[in-house]
Each structure stands twice: as structure tokens, then as C-alpha cells.
Amino acid sequence: MCGRYSLALDPDDIMSHYGVIVDGVVYTRRYNIAPGQQCTVLLDDPPGGRTAGSFRWGLVPSWAKDPSIANKLVNARSETAAEKPSFRDAFRKRRCIVLADGFYEWGKAMMDGRKIPIRFERRDGAPLSLAGLWESWTPQGSATPLLTFTILTTAANDTMRPYHHRMPVLLEPANYTQWIDSAFNNVDRLMELTTPAPNDLLSAREVSTRLNSVANDDPSVLDPPRDENSFL
DNA sequence: CCAGACGTTGTT
DNA sequence: GTCTGG
DNA sequence: CCAGACGTTGTT
DNA sequence: GTCTGG
């Protein structure tokens, strides 16, 4: 769950909502973001502050010999992340906010094999703040660390349940500072913040199957799906 | 002790 | 079927 | 997440 | 790095 999302906010809106400045190094408008790609995240760098960075989606634990493990660590179950060897250090000390304005799920395939993607966004139009964990991994013999992250999942709420049994952890603005605070490590409180979003928070609608290919990263992926009986 | 895993999703 | 690339 | 590859040798 | 399985 949560293997594709979008982030096409106006930089001014990012500034007013999160209080951070984003330049071209850490932010470009994206409609179809996939694992393995560089993504905009917020973290408390320096500690106590708030900075936007460009991190690669798919977490590589610090002990990894090979970064290919990232393919399997695109999501982390929030119920167990505090204990799992791959995530527990990051859960205590390296949490981040993954900036987004929508995310996607796919239903079962149609008769022709196509899967129609569903887009979820906030009904109030506000940015979506996905809860994430980040890591720094330095390849042997290299000086430059690879910065990676994963997105936490939780049980689906009523909006999501028709489509999937998991959903990304969504953070409210009141909890941003506590979530990214690397000095805060009260696991009970942190786990409270990973509970499913309220049932009325999100809207759902079908979008274009052009979204299925990561090569399509433009506003038209948000269009309604083409009628399956149409030859246009 | 060493060797090998360390994860999620969905599907069966 | 399973892994890689995006 | 989905789409697309999944292999070797030798020759250009 | 740290835990589990043998």
C-alpha cells in the first residue's frame, strides 16, 4: 500500500503550510511519483529546525551491504516499525514528513487487464503529510551517503477499505513538530500518531490509466479514466 | 559458536 | 514466477 | 505501485 | 548492527 503519490503544490503554499522554503534542488511539481525516485521530505535538520531535503524512496538500513534491499522497504508497518531491525533506530531518531497532495491505489484488473487507479486527496484541499522514516547509508569506500526513506502504513479507514486494507499514515499539522523531532522518542506517543486518519478526511476518485506507467508524469494523469468501450 | 536474515504488499 | 527500473 | 525484463556469444 | 536458528 502506498506505492505511488503526487506532489504538485505551489511553492508558496508549501512555505505557508510547512514554513520551509523549497528550491529546485529539493522540489519540482510531480504527478506520478514512484519508489526509487528522489522525493521531497521534511526533517529536523538541524535538530530543532525544519528543512526540506531530497531523499530516495526505498529505505536502505545503515547495515545493508547492498542498496537493492530498498526495493522491499518502500513501506513500513507502523504497528511493528519500532521493533523491526530495519526500522527501529529510524523510528526513534529519524522520522520525516513526506510532502504530498494525493496518493494512488489500484483496484482489481478489468477484463481487458487494465487496472484503474484511484486518487485519494484531502477533502479540505490541504497538503497531505505522509509519515516517513529516513536513513543515511554510505557504500563501502564512498564518501557520499545515500539518503533514503520509507512511508509508514496503518489500517485502512472507511474511505480506503473498499480499495485496500492498508493506508499511509497521515499527520495533522498540530503533530508535525513532534513527529520530526529527533530528540523525542516516546514510542507510545509516536505510535498514537500512526493511527488511521478520520473517515471524513479523504476523497476518492478514479483517474487515468496513463498513471500506471511511471513515464507519464504530467497533469493529464489526473483526468478521469477513458471509457473502456471507447475506441477514442 | 557461525550463518543468515533483517520487509511489505497481495495472493493463495 | 520474480526481480529490476522508474 | 506498475511495466517490462528475464541470456550468451561474438561481431559491429 | 543485532537477532534468530541451528
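Within every chain, numbering begins at 1; the chains are lettered A, B, ... in the order of the sequence lines, protein sequences first and strands thereafter. As a basis for the values below, the full set of heavy atoms in this structure was taken, side chains included, without hydrogen atoms, waters or symmetry mates.
Here the separation of B:dG4 from D:dG10, taken at their P atoms, is 34 Å to the nearest Å. Separation of the P atoms belonging to D:dT8 and B:dA5 is 24 Å when rounded to the nearest angstrom. B:dT9 and D:dC1: their C1' atoms are spaced 10 Å apart (whole Å).
Proximity of A:R166 to the phosphate of B:dT9: a side-chain N or O atom is located under 4.0 Å from OP1 or OP2. Residue A:R77 has a polar side-chain atom (N or O) positioned under 4.0 Å from OP1 or OP2 of B:dT9. Neither OP1 nor OP2 of D:dG4 sits under 4.0 Å from any side-chain N or O of A:S213. Phosphate contact (OP1/OP2 of B:dT8, side-chain N/O of A:T153, threshold under 4.0 Å): absent.
In this pair, A:W57 and A:F149 present their aromatic rings parallel. The plane angle is below 30°, not in the 30 to 60° band. A:W134 and A:F55 have perpendicular rings, their planes meeting at more than 60° on a 0 to 90° scale where under 30° would count as parallel.
Residue A:R56 is classed as having no contact, given no heavy-atom separation below 4.0 Å to the nucleic acid. Counting non-hydrogen atoms under 4.0 angstrom, A:T80 reaches the backbone sugars and phosphates but no base. Among the atoms of the strands shown, only primed sugar atoms or phosphate atoms (P, OP1, OP2) are found under 4.0 Å from some heavy atom of A:A76. Nucleic acid contact class of A:Y104 (heavy atoms, under 4.0 Å, all strands): none.
In a base pair of the Watson-Crick type (N1 to N3 plus N6-O4 or O6-N4) or a G-U wobble (N1-O2 and O6-N3), with each distance short of 3.5 Å, D:dG7 is matched with no nucleotide.
Of the options A:Y5, A:F120, A:Y163, a ring-ring contact (aromatic ring centres under 6.0 Å, His included) to A:F103 is made by A:F120 and by none of the others.
In this structure, A:D218 pairs ionically with A:R210, as a charged nitrogen and a carboxylate oxygen lie closer than 4.0 Å.
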